[in-house]
Each structure stands twice: as C-alpha cells, then as structure tokens.
There are 2 protein chains.
Amino acid sequence: MCVNCDYRDLLESAGLEPTTNRVRVLEIIGNNQFPLTAADIFTTVERSHSINRVTVYRILELLVDHKLVERLSAGGRAAHYGLAPNDNHAPHHHFFCTRCGRMDCLNPGSLDLSSDRLRKTFSGEIERIEIRVDGVCRNCLKSSVH
Amino acid sequence: MCVNCDYRDLLESAGLEPTTNRVRVLEIIGNNQFPLTAADIFTTVERSHSINRVTVYRILELLVDHKLVERLSAGGRAAHYGLAPNDNHAPHHHFFCTRCGRMDCLNPGSLDLSSDRLRKTFSGEIERIEIRVDGVCRNCLKSSVH
DNA sequence: TGTTGTATGCAAATTAGTTGCATGTCAATT
DNA sequence: AATTGACATGCAACTAATTTGCATACAACA
C-alpha cells in the first residue's frame, strides 16, 4: 500500500498516457500489499468499472516493459504482478505459499544474494535475478492444526 | 549428464515402481545437461517409444512429489524439469534466456544466498528457495551482432 | 477365480495468455 | 471543418500448457 505514489505521475514520467484504465490497473497493484495475478486485477477493476480482460493483459505488459511493474513467476502457473522498485519501494523478494497459492512480499534485506562470482564468469547478459521462497504461510500452518 | 545415476535405483529408493515409462522420463531428464519442458520430454520419449502426453505429466508430478526431480519456473512460460540435488548432483540455480527460451544450469556456488535473517524472522515454513537469473544467453548475444 | 490397486491411455475440459481485426478518440494536418 | 494517423480499447477466436474424468490393462492378493 503506497500513500506516496502518484500513479498518474508514475505513468507520465515513464512516457505513458495516464488513461483511466492504466491508472486503475496500476493503482490496484500499488495499493495491494502483495502481488496479484492478471485475473485478480481484472476482477478488481471490474467490480467498479467495466474493462476487457485483454486490455488488462495489454496494460500489464506495457507496465512491465516500462519497468513500473514487475512480473513474478509463482510456483503455479499464473504470473503475479507487483510494483517495481522505485523511490518509495525498496527491492525485495517474494514468498509463495504452496498451500493457498498466495504470494507475499518479504522484507527488503531479509535475503542477501551475492552474484559477483556469477557476474564475473557468466558469458551472457544478466537482466534480472528473481528469488522466490516457496513454503507454507503462517495462516495455512495455523489452519492445518486442529 | 550423469553416468553415476542408476535411474531404476533412484526410483526404487524413493519407493516407486520403476516402470519403463518412469525410467525413460527420469533418464531423459538426468541425461540432459539443462532442464527440459514437459513437451521436450514427451517428444524425446516419443522418438523411440509411444507414450501419452498425460502420462508424462503424471510421471513428472510424481517425480517432483518424491523429490527426484525439480520443477523450475521459467518466467511465466512452461515449467522446466531438472534432476533434484542428490549425491551426484550439487544444488545449483538456473539461467533463463528471454530471447530463445532455453534454460541453463549455473555452476553450483556461482550464486551465494544467505537466508539466515529470513529463517530467523519468517513465521511460515520454508520448503525451497528458487533463484532464476534472466537475461540473454551467449548464443543469442552472438546472433544479434551482424 | 474374483477383487483391488496402480499405471497408462484417450478425449475433453480448463486455465492463462495471445492475436487479429474493428471501433472509438483525440490531436495534428490539410 | 474534413482528413489523417496514432493510440487505446473491445470482442471473438485462438494457442499453449496442463488437468480431469473415465476406461482399460495388468499384477498382486484374497
């Protein structure tokens, strides 16, 4: 949840028209405390304003391409989308609960990756490193005890 | 590629019947130097023996559940399957080329992750940590220069 | 011999995402 | 004002990856 982000601004400073659909999609992603699937985002927008599924996918692709949003792969099939690191959002990694299928953000700094050795020796070009912790979330652990 | 693994043995010591289909699937995964998709595995088996697509999926699920094989997520596309760490296979992470869609294994130890801080503070249960490096592989870099 | 469990096959369904093409909208150009 | 072009969106159909339901086959067991 981000009180500091002006999503219209974010779009404009990325060189994108801040259309109502784009602002809505970006707001939903930004105001949520954990990453959402395209389907989640679609139904959330739909609750208040009509929008097409395809439009959501296209907006998500645009936002990812312009690095406003990060596409995260979950253990399952659907990609999840979260706000990309920016002035108000420190980079962080994610947790995926294999029981309930929900993703969560880990505290920035709770994982420490050093990729120096790889960067020195790797012959390709590195664009991004994604770390996903899989397991069972607190809620699911609780509800399995009875 | 593993000369040291007896796949029939691996299956049996996991408590699984070493059926010909299972041995074939596991062999293909184990003999390949990079992780493969279900479709790759299916076509490879098919080249010499008839098998059903669904059987491949079911065997893969079984092998993953019994921790003989690891399911790796590749940026939203098809899952890739590689041999799980065992006596002959040090744990390692993977590279995904966003250009050609191929996965590759990174040298064990080329990435160093310390998860102590997370493990101390995280309230859920951690089962697995997957790290994927995305970028452009050497081959694709080469072929884009002309 | 009958029954039960496990492995596989086949067809159809489902899920997640993509493509092609039509329409609307707005701004710049004639 | 009419014309053009660039986007943004919508709709229908499509594809890819996987899953489900149900049938069969075979082996072990009662």
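Below, chain A is the first sequence line, B the second, and so on; all start at residue 1.
Taking atom CZ on R22(B) and atom C1' on dT8(C), their separation rounds to 10 Å, with Å as the unit. Between the CD atom of E46(A) and the C1' atom of dG10(D) there is a distance of 12 Å, given to the nearest Å. The distance between atom CZ of F42(A) and atom P of dT9(D), rounded to the nearest whole Å, is 14 Å. Between the P atom of dA8(D) and the CZ atom of R24(A) lies a distance of 16 Å, rounded to the nearest Å. When rounded to the nearest whole Å, the span between CG of L16(B) and P of dA7(C) equals 8 Å. Atom-to-atom, CG of D65(B) to P of dA7(C) comes out at 13 Å; the value is rounded to the nearest Å. Taking atom CG on N21(B) and atom P on dT8(C), their separation rounds to 5 Å, with Å as the unit. If you take NE2 of H49(A) and C1' of dG10(D), they are 17 Å apart, rounded to a whole angstrom.
Here the closest heavy-atom approach between residue A79(B) and residue R71(B) is recorded as CB-CG, 3.8 Å.
The ring pair (Phe, Tyr, Trp, His ring centres under 6.0 Å) analysis of residues 9-61 of chain A, with sequence neighbours excluded, yields no pairs. Residue pairs meeting the side-chain hydrogen bond (donor to acceptor under 3.5 Å, both in side chains) criterion with at least one member in residues 104-116 of chain B, sequence neighbours excluded: S115(B)-R119(B).
The closest donor-acceptor contact from the side chain of D65(A) to the backbone of L62(A) lies at 3.5 Å or more, if one exists at all. Listed for the R132(B) side chain is no donor-acceptor partner under 3.5 Å among the backbone atoms of F96(B).
Dashed line: the shortest gap from a side-chain N or O of T19(B) to OP1 or OP2 of dA7(C) is not under 4.0 Å. For dC11(D), the OP1/OP2 oxygens have a side-chain nitrogen or oxygen of N52(A) closer than 4.0 Å.
In this structure, F95(B) and F122(A) have tilted ring planes: the angle between them lies in the 30° to 60° band.
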So which protein nitrogen or oxygen atoms get under 3.5 Å of nucleotides 13-22 of chain D's nitrogens or oxygens?
residue : atom : partner : partner atom : Å
dT18(D) : OP1  : A79(B)  : N            : 3.1
dT18(D) : OP2  : Y57(B)  : OH           : 3.2
dT18(D) : O4   : R53(B)  : NH2          : 3.3

(request) Take L26(A) and L83(A), measure what side chain to side chain contact (heavy atoms under 4.5 Å, CB included) needs, and give me the verdict at the end. (result) CA-CA 8 Å; L26(A) 189 52; L83(A) 225 47; 3.8 Å; yes
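The T55(A) side chain lies nearest to dT9(D) when the options are dT9(D), dT8(C), dG9(C).
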